[in-house]
Amino acid sequence: MVYMDQNGDAEGNYTLLARKPHHIYPQQYGLYPVGVFTLKKNDNRLLDLQLTDSIEWVSGRPPISEPPCGFRGEKCITHTGEIAAGVAGGLMLFLAVVLLVLYRNWRYEQELDSLLWKVDYRDIQINEDQQPHSNASLSTKITRAIQPLIRTSQVSLSSNPDADFRYSTIYTQIGIYKGRIFAIKKVGKKSVDITRDMKKELKMMRDLRHDNLNAFIGACTDPPNICVVTEYCPRGSLKDILENEDVKLDNMFIASLVGDIIRGMTYLHDSPVRVHGNLKTSNCLVDSRWVVKLADFGLHQFKREDYSSSCALTCGLLQTIEPHQLQQVASKCEALLYRAPELLRANQLDPLCAVTGTQKGDVYSFAIILYELHARHGPFGDADIPPTEILLRVVRPEPGQVPFRPQLELLENSFDFVRDCLVECWAENPEDRPDFKTIRAKLRPLRKGMKPNIFDNMMAMMEKYANNLEALVDERTDQLVEEKKKTEALLYEMLPRYVAEQLKRGNKVEAESFDCVTIYFSDIVGFTTMSAESTPLQVVDFLNDLYTCFDSIIENYDVYKVETIGDAYMVVSGLPIRNGIQHAGEIASMSLQLLEAVKLFRIRHRPTDSLMLRIGIHSGPVCAGVVGLKMPRYCLFGDTVNTASRMESSGIPLKIHCSSDCKALLDQVGGYTLAERGLVPLKGKGEQRTFWLLGEDPVHRQRRAEERARVGLKTRTLPDSNGYLCGVGPRSSLKSKSSACPPLARCSSLESPKRLRFASGNLLELHRYQRDPMLEAIADNSPCKKTAPHLLDAERCSTSCPCIKVLPSSVNSKNNSFPVLFPTVCSSAPASPGSGSVNPIYSTSVAQSDEGSFLIDELNKPLLEVTGEAGDVTDIETPV
Ligand SMILES: Nc1nc2c(ncn2[C@@H]2O[C@H](COP(=O)(O)OP(=O)(O)OP(=O)(O)O)[C@@H](O)[C@H]2O)c(=O)[nH]1
Ligand SMILES: [Mg+2]
């Protein structure tokens, strides 16, 4: 049935049918109306259900309008898979982590057990003679114990061209390991028991790598070679650099060095090592690029005994030290000057506790280094206090007083922020000290002006260093040239110049014979007696005075002093440059002048005594050459030398005994007065006619003096090739041979017929005249003898030689030929005729007597060293 509304619209007539059992056949079901839908009055849209019967639902309740998970399952999204996967993943991750940890532990244990740090001592090539630059040493394996450390801080500029060794390579013990050079530092332990802790420590050290840390390579633990192998820094330590005055450090250098230390320390403090504990300048090594590398940190276990023994020794001592012991431990305490006061105190109580140190302690040490870098006067400046005293003051501050620290006055020229930073860093209370990051910030202005690029900085530093080196090399070269000049001058004094030149070139010096030369011998009668009554020092002084006097006189003649032996004096003229027959005149005039000078000579310690000079001269042929390899001497050979000596020994005091050969030459030269002595028996030569040389004609003398002065003046005003000015005296044959003018005149030794012997119980050597057929005289060249400035100092050089005292005023005198050398008053005292006596200390005779002569040269040095037992009276030939 369909209802129509007033509009004609059909209204729905809906009935609800439900399954219900048939009312007759309950087993059968059919659809029966159970409800109707009626339109609501107020709501014309929705129908209202009015149930007329119950509905027998199949499952006892109406079916749900929507599946529980929605029609598309959207209401039932499940995470089971994910959760399961997550759980599984988590488990796996956990497992992986566990495995990783286990693996790492296993690896760690493996690494610990594999002892990667272990170095076999036999693999290290240690240079036997600490000369690593010798190539041979590189190939030589040395298995012996490490040699003691050699410190040659001052040789940092070695001349070795090898770049690696340009700077001293021997600051510390080094060795070659796996083809590279490393520093080998011995540990003062007899044996090492490698514990697990030690293994860990060594491994940790090996793993630590930073540009500013000195790399630990390994350690040898095989007794007795227990040592640590570390990177080698060719420039040594900061200590070496600071001690080397040749290395100038400007602000840029300092900033760079300080920056390196701070970087290294910052890294170290953040690393497992945590502290350095031994920060000091000797542990701030500098590599070839001027980069500081901190060394000697860590390894506390490994070095324990080593450290503790030294610390206990020094720090323990501080407690009980007595003032008089301060000096003894001073050196050991120097290293402790960098240690913070609280650590020093802790060290006193327990030497081991301070070994590890603290970070704040490191800051204190840094402050001392910073101070030293700026002041360059050691860790505590130039305070004149021994290190032990400093340590005591640091450890025991006066109550109410400012703790003892380096003097800041030395840093007047440094930046304020540096001083402020120092004060903070060495604060007494460790907590008040900043850490390294703060220090870095505080010192940042120090780097102002430095190039941001580290390479540029390095180049700039290298450039500065090179400039510094250049200046240094110049300075050293000048010193070398100066020293060379001195050496050469000395050589030219000892040998004739041309002989010296030949020897310098390594050439053999050929012996040369001279047809005629004149030789002078003199001896002082009574020297033996006088020596016996004087002390050796008085004798030495006396001889020095005497020879100074003689030397100043002979400088004015063309002669060459061959030798002095005790009181005997030997001069030659006519060699090595020949001068015709002038040699006889030169020797004769010189003899006369010497005789006059001796008459005025005063013996310092016996002012009332006079010297009795006995002179002999003779002319004849000689042969001259160099004999020997060590201390080569220019020697004269020939019977002429012997005869000249005989002339002297057979003469009488204050007389010039002249041979007939010499007289013949003097007659040719002219102007000399001689008197015949008659026939005189000369030992080994039979009877000879001899003469006394009495004087020289004043006119001739004047002429000759002027001639000498003229030649001397000419020589003096003309500098020689070496730039020396030659002396005022006439140019001798030797002088003309060489133009150099050495400052000193020096005798050489003599191969004389005199023999040496020891006198029993006496300190000094004696020699005795012997009748040997050959005489050898060794000549020095004294090529251009001039008035040595030191001779003008009368008080210093001679207290008794009159000629020296008035020499300066006489140089250009024309009126008096020898005003300088012969003051008018002759105050000589008669000589004591004691020539024949034998003296236990010195003997003076040079003839047949038993007297000998004290061998000494002008430098107061025995010319001949004779070894033998005191008490022996042994004749010893004078060495050639
Ligand atoms: N060139 C160079 N020199 C080194 C090296 N290690 C040490 N030195 C030098 O050896 C000196 C002494 O060093 P060490 O033996 O470590 O002694 P120390 O530093 O005074 O004292 P500790 O470190 O406390 O034992 C240093 O001042 C350096 O001159 C290095 O690796 N290279
Ligand atoms: Mg060190």
Side-chain angles (χ1 to χ4, degrees), residues 124 126-127 130 132-133 146-158 160 164-177 180-189 205 212-219 226-244 247 261 264 275-300 302-315 331-339 343 347 351 354-357 361-362 365 368-369 372 378-379 387:
I124 306 175
I126 292 179
N127 205 335
Q130 289 278 347
H133 38 270
I146 292 176
Q147 296 157 15
L149 182 142
I150 296 176
R151 275 206 53 185
T152 53
S153 309
Q154 307 313 325
V155 293
S156 62
L157 302 173
S158 107
N160 193 302
D164 282 348
F165 295 106
R166 182 133 338 124
Y167 322 99
S168 167
T169 54
I170 40 181
Y171 280 111
T172 189
Q173 173 79 51
I174 58 166
I176 295 165
Y177 178 62
R180 279 185 58 200
I181 299 163
F182 292 107
I184 317 286
K185 295 182 189 170
K186 204 170 183 193
V187 176
K189 270 181 156 187
M205 285 294 290
N212 300 110
L213 296 185
N214 193 34
F216 167 79
I217 307 298
I226 299 171
C227 57
V228 176
V229 182
T230 57
E231 208 178 334
Y232 175 67
C233 295
R235 286 183 203 267
S237 65
L238 215 52
K239 181 181 167 74
D240 301 309
I241 289 171
L242 292 175
E243 280 173 1
N244 186 350
V247 179
I261 299 176
V275 289
H276 189 297
N278 194 17
L279 186 61
K280 54 186 175 183
T281 46
S282 69
N283 285 339
C284 297
L285 304 177
V286 183
D287 76 359
S288 54
R289 294 177 305 130
W290 286 99
V291 174
V292 175
K293 291 181 177 259
L294 304 176
D296 290 326
F297 52 86
L299 294 181
H300 304 298
F302 189 73
K303 295 182 181 170
R304 184 170 287 269
E305 278 169 36
D306 200 19
Y307 267 121
S308 54
S309 57
S310 64
C311 279
L313 184 76
T314 43
C315 301
S331 59
K332 292 195 180 82
C333 285
E334 247 169 74
L336 295 176
L337 294 178
Y338 299 85
R339 196 168 284 243
L343 295 178
N347 229 155
V355 170
T356 44
D362 285 348
S365 311
I368 303 290
I369 293 178
E372 197 175 344

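The structure presented is a predicted model; accordingly, all values stated were derived computationally and were not measured. When a ligand or atom number is given, it counts from 1 through the structure's own listing order.
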Taking all heavy atoms of [X] and all of [Y], pick out the closest pair and write down the distance.
X	Y	result
Y232	T172	CE1-CG2, 4.0 Å
E334	K239	OE1-NZ, 4.3 Å
L285	N214	CD1-ND2, 3.4 Å
E231	L213	OE1-O, 4.2 Å
F302	A219	CZ-CB, 3.8 Å
K280	A335	NZ-CB, 3.4 Å

Please state whether G236 comes within less than 4.0 angstrom of ligand 1, counting heavy atoms only.
yes
Heavy atom of C233, distance to ligand 1 below 4.0 Å:
yes
Could you see which bit of [X] sits under 4.0 Å from ligand 1, with heavy atoms only: side chain, backbone, both or neither?
X	answer
E231	backbone
A183	side chain
I174	neither

Per-atom contacts of ligand 1 with [X], taking only distances under 4.0 Å to non-hydrogen atoms:
X	value
N283	16 (O), 19 (O), 23 (O)
D240	27 (O), 28 (C), 29 (O)
N278	22 (P), 23 (O), 24 (O)

Between the Mg ion (ligand 2) and D296, which N, O or S atom of the residue is the nearest one?
OD2
Interatomic distance, CD1@I369 vs CG@L279, rounded to 0.5 Å, equals 3.5 Å
Taking N, O or S atoms only and a limit of 2.8 Å, check whether N283 reaches the Mg ion (ligand 2).
yes
If you measure only the distance, is there a donor-acceptor pair under 3.5 Å linking the side chains of D240 and S237?
yes
Report yes or no: does D362 contribute a side-chain atom to a donor-acceptor pair with the main-chain N or O of V275 at less than 3.5 Å?
no
Is there a nitrogen or oxygen of [X] sitting under 3.5 Å from a nitrogen or oxygen of ligand 1?
X	answer
S237	yes
N214	no
D296	yes
T230	no

